[in-house]
Amino acid sequence: MPETFRIQTLNAISPLGLNRLDRERFDLGTEFTDPRAILLRSADLHSYDVPHSLYAVARAGAGTNNIPVEKLASLGIPVFNTPGANANAVKELVIAGLLLAARNLYHAADYTKDLVAEQQLSGKDLDKQVEAGKKQFAGFELPGRTLGVIGLGAIGVLVANAAQAMGMKVLGYDPAITIERAWQLSPSVEQVTSVEELFARSDFITLHVPLIEATQGLVSAERIASMPAGSVVLNFARGGVVDEEAVLAALDSGQLHAYVNDFPTEVGAVHPKVITLPHLGASTSEAEDNCAVMAVDQLSDFLLHGNIRNSVNFPEVAMARSPNTTRLGIFNENKPNMIGQITTVLAEAGLNVTEFTNKARGDYAYTLVDVEGEVADELKEQILAIDGVIRARKIEG
Ligand SMILES: NC(=O)c1ccc[n+]([C@@H]2O[C@H](COP(=O)([O-])OP(=O)(O)OC[C@H]3O[C@@H](n4cnc5c(N)ncnc54)[C@H](O)[C@@H]3O)[C@@H](O)[C@H]2O)c1
Ligand SMILES: O=C(O)CC[C@@H](O)C(=O)O
C-alpha cells in the first residue's frame, strides 16, 4: 500500500487548493504531531520543534521569513513558496496606498464620519460643515510625481508599470533583477544603481523586497532625510524593512507626509500620519486561490514524485515518471564525490539507472534517480550511510 501523506495546515488555506489533493493519498489536519508536510501562510515556524517525520514545508505566499529556511535545508527539508501568485493583489493595494496618501482619504473619511456620528450634524448644517472643513484634506495628484520602487520582482514590476501608466515618473532599484522581470518592466521605468539616488529623487518610495539581513532597516533616518520634504513611504514588504522609529520622527517633523503599511505595531498603528492595514496585501479571493493551488500542486508533486519546483532552499529538480522504475530522492551536502558514492552504491546493488539528475544550491544538493525494477529497503540505509547524505527517500511509483 502506498503511503497516505499527513499534511498539517497551520493557517486557513483556500479549499480550491486543498480540494486538489487526492484523499486516498493525503490526509489533511490541523493537529498532527508527526506530519509529512506543513502547509501554511504567515504562521511562525521559528520556534517549531521539527519532527523527524517532516518531508516538506509549503508557504502559500511569497515571503518565507516566518520559516527557518536554512535550518530546514540542513535537515533535507525543502521549503516551497508561490512566487507571483499574489502579486496582483499586492499591486492593487499599493496603488490604493498611493491614492490614500496623496488625497488624505483615510483622515477625510474619518472626518465625515465624525461630523455625523459624534457631532450629530445633518441636512444643511452637515453640508455647510463639509464644505468648510474639506480644505484641510486637499491633496495632490500623481502624474509628474516620482515613485521609487525598491525590489523589481513579481510585485515590484507590476507596481512600477501601473504607476507609470498613471503618469508617474518611476525609478527602479534591484541589483539582482532577473531577465524575465526586466522584460516585463515598462521601458519608461528608469533604472537607478544606488538606493541613495532612489531616495534622493523620489516623492514616494515603495518596498518590494524580502525581509533578509540585507534589507533589514533599509528605510533609515539618513535615507528618509535625503528625500524631498513631504514624501511618502509605502511598505507592503515586511515591517522590519523599515526603521519605524525613524519614520515616526520624520512624520512628526513634516519630512514625511504619510507612511502607508501592512504591518501593525503598537506605536505605528495609532500615529495620526500612519495608515496601517492588517496585513491585507494578499487577502483577495483570487490571490488566496492562486497561492493555495500553486502551493498544493508543488507539495503533492514533491511528496508523490520527489520533484522540486519553486523551493527557496533547494534547486529546481523535476523528472517525468517512467513505468517499471523505482525513484529515489536524496538530499546531500554539496561537496566532492557525492554523486560518485551514490552511483557506486546503486551499481553494487546491481541496479540499472534510467535517469539521474543532481543539482546543487549553496551548501546543499538534491539528487533524483530512477532505477529499473524494484529496490530493496536496505538500499536506502546504504545511501544514508554515505558521509554527507542528509536524507533519502524511496518514492513509490
Ligand atoms: N503584504 C503582503 O501581504 C505581501 C504579499 C506578498 C509579498 N509580500 C512581501 O513582498 C516581498 C516581495 O514579494 P515578490 O513576490 O515581489 O518577491 P520576488 O522574489 O518576486 O521579488 C523580490 C525582489 O527583491 C529583490 N531584492 C532582494 N534584495 C534586494 C535589495 N537589497 N535591494 C533591492 N532589491 C532586492 C530581488 O532581486 C527580487 O527581484 C515578499 O518577500 C514578501 O515579504 C507581502
Ligand atoms: O498569507 C497572507 O495573507 C500574506 C502573504 C504575504 O505576506 C506573502 O508574503 O505572500
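Atoms within each ligand, like the ligands themselves, are counted from 1 in listed order. Each residue takes its place number in the sequence, starting with 1.
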Within the 4.0 Å heavy-atom shell around L152, which atoms of ligand 1 are there? 39 (O)
May I ask whether A282 places a heavy atom under 4.0 Å from ligand 1? yes
To atom 6 (C) of ligand 1, the nearest of T215, L198, N86, T82 on a heavy-atom basis is N86
Give the atom numbers and elements of ligand 1 that come within less than 4.0 Å of a heavy atom of D262. 1 (N), 2 (C), 3 (O)
Atoms of ligand 2, numbered as shown, that sit under 4.0 Å from any heavy atom of G61: 10 (O)
Protein heavy atom at shortest distance from atom 27 (C) of ligand 1: P210 CD, 3.6 Å
Is N324 atom CG crowded by more than 12 heavy atoms from other residues, nucleotides or ligands, each under 6.0 Å away? no
Under a 4.0 angstrom heavy-atom cut-off, which atoms of ligand 1 come close to I155? 6 (C), 7 (C), 10 (O), 13 (O), 14 (P), 15 (O), 16 (O)
Give a yes or no on whether a salt bridge exists between D387 and K335, defined as a side-chain N under 4.0 angstrom from a carboxylate O. yes
Exercise check, heavy-atom protein proximity under 4.0 Å to atom 21 (O) of ligand 1: yes
Using a strict 4.0 Å cut-off to heavy atoms of H279, name the atoms of ligand 1 that fall inside it. 1 (N), 2 (C), 3 (O)
Applying the salt bridge (Lys or Arg N to Asp or Glu O under 4.0 Å) criterion to E131, which one of K128, K135, K134 satisfies it? K134
Considering heavy atoms of the protein only, find what lies nearest to atom 29 (C) of ligand 1 and give residue, atom and distance to 0.1 Å. V209 CG1, 3.8 Å
Considering all protein heavy atoms, does one lie under 4.0 Å from atom 34 (N) of ligand 1? yes
Does the residue A237 have a heavy-atom contact with ligand 1, meaning some pair of atoms that are separated by less than 4.0 Å? yes
Tell me: protein heavy atom nearest atom 3 (O) of ligand 2, and distance? R41 NH2, 2.7 Å
Give the numbers and elements of all ligand 1 atoms closer than 4.0 Å to a heavy atom of G281. 1 (N), 2 (C), 3 (O)
Region of L211 that comes within reach of ligand 1 [heavy atoms, distance under 4.0 Å]: neither
With heavy-atom distances below 4.0 Å as the criterion, list the atoms of ligand 2 near N86. 8 (C), 10 (O)
Can you tell which part of R238 has a heavy atom less than 4.0 Å from ligand 2: side chain, backbone, both or neither? side chain
Just need the protein heavy atom nearest to atom 17 (O) of ligand 1, so name the residue and atom and give the distance. A154 N, 4.5 Å
Would you say A62 has any N or O atom under 3.5 Å from an N or O of ligand 2, going by distance alone? yes
Take every heavy atom of G61, measure it against each atom of ligand 1, and state whether any distance is under 4.0 Å. no
Closest non-hydrogen protein atom to atom 44 (C) of ligand 1, residue and atom name please, with distance? F236 O, 3.1 Å
Among all protein non-hydrogen atoms, which one is nearest to atom 32 (N) of ligand 1, and what is the separation to 0.1 Å? Y173 CE2, 3.6 Å
Suppose we measure from atom 5 (C) of ligand 1 to each protein heavy atom; which comes out shortest, and what is that distance? V90 CG2, 3.3 Å
Among all protein heavy atoms, pick the one closest to atom 36 (C) of ligand 1 and tell me residue, atom and distance. D174 OD2, 3.5 Å
Cation-pi check, R393 to F302: give yes when NZ or CZ is under 6.0 Å from the six-membered ring centre and within 45° of the ring axis, no otherwise. yes
For ligand 1, which atoms, with element, lie under 4.0 Å from some heavy atom of A176? 37 (O)
I need the contact type for N11 against ligand 2. Using non-hydrogen atoms and a strict under-4.0 Å cut-off, is it side chain, backbone, both or neither? neither
For H279, the atoms of ligand 2 under 4.0 Å from one of its heavy atoms are 4 (C), 6 (C), 7 (O)
So if I count the atoms of ligand 2 from 1 in the order they appear, which ones are less than 4.0 Å from some heavy atom of G63? 8 (C), 9 (O), 10 (O)
Hey, is H208 touching ligand 1 through its side chain, its backbone, both or neither, going by heavy atoms under 4.0 Å? backbone
